[in-house]
Amino acid sequence: PADFICPITTEVMSDPVMATDGHSYERKQIERWLATKSTSPMTGEALEHSILTPNHALRGRIREWQEAH
């Protein structure tokens with residue numbers, strides 16, 4: 001499913017986190033992005049802050065999907 005894919009890596013996420021732009025990203029990749037930028041990889045707009053929130057619900061759905069496939 002498309003919402004399981006990190007927009008930075010274009011691969012299925014294993015540790016999804018949500019940024020203030022409302023999009024989920026693979027933790028390591030968005031942390032790498034935010035080390036040099038303060039904008040959203042999806043919109044290009046400035047992010048309010050660089051705090052990332054674990055997306056536990058998405059992680060659970062990804063794990064269920066991986067086990068089923």
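Because the structure is a prediction, the values reported are computed rather than measured. All values below were derived from every heavy atom in this structure, side-chain atoms included, with hydrogens, water molecules and symmetry-related copies excluded.
- Arg61 places a side-chain heavy atom less than 4.5 Å from the side chain of Asp3.
- Placement of Leu47 and Trp33 within a single hydrophobic cluster is found when ILVMFWY residues are connected by side-chain heavy-atom separations under 4.5 Å, directly or transitively.
- By the criterion of side-chain heavy atoms lying less than 4.5 angstrom apart, applied directly or through intervening Ile, Leu, Val, Met, Phe, Trp or Tyr residues, Ile8 is grouped together with Met42 in one hydrophobic cluster.
- Remark: side-chain polar atoms of Glu26 are paired, donor with acceptor, to backbone N or O of Ser14 under 3.5 angstrom.
- Residue Ile30 comes nearest to Pro41 through the heavy atom pair CD1-CG, 3.7 Å, listed as atom of the first residue, atom of the second, then distance.
- When every heavy atom of Ser40 is checked against every heavy atom of Asp21, the shortest pair comes out as OG-OD2, 2.5 Å.
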Open item on the list: Determine whether Ser24 and Asn55 satisfy the following criterion, side-chain hydrogen bond (donor to acceptor under 3.5 Å, both in side chains), listing intermediate values before the conclusion.
Closed with: CA-CA 7 Å; Ser24 290; Asn55 193 333; 2.8 Å; yes

Open item on the list: One pair to check against salt bridge (charged side-chain N to carboxylate O under 4.0 Å, His left out): Lys28 and Asp15. What are the steps and the verdict?
Closed with: CA-CA 8 Å; Lys28 289 181 183 176; Asp15 186 12; over 6 Å; no

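- In terms of hydrophobic clustering, with Ile, Leu, Val, Met, Phe, Trp and Tyr side chains grouped at heavy-atom distances under 4.5 Å, Leu58 and Tyr25 are assigned to different clusters.
- Residues His49 and Thr20 meet the side-chain proximity criterion, which asks for heavy atoms closer than 4.5 Å.
- The cluster map of Ile, Leu, Val, Met, Phe, Trp and Tyr, joined by side-chain heavy atoms under 4.5 Å apart, puts Trp65 and Ile5 in the same cluster.
- With values rounded to the nearest 0.5 angstrom, Arg63 atom CZ is found 10.0 Å from His56 atom NE2.
- When every heavy atom of Pro54 is checked against every heavy atom of Leu52, the shortest pair comes out as CD-O, 3.9 Å.
- The closest side-chain heavy-atom distance from Val12 to Ile62 is below 4.5 Å.
- The distance from the CE atom of Met13 to the SG atom of Cys6 is 6.0 Å, given to the nearest 0.5 Å.
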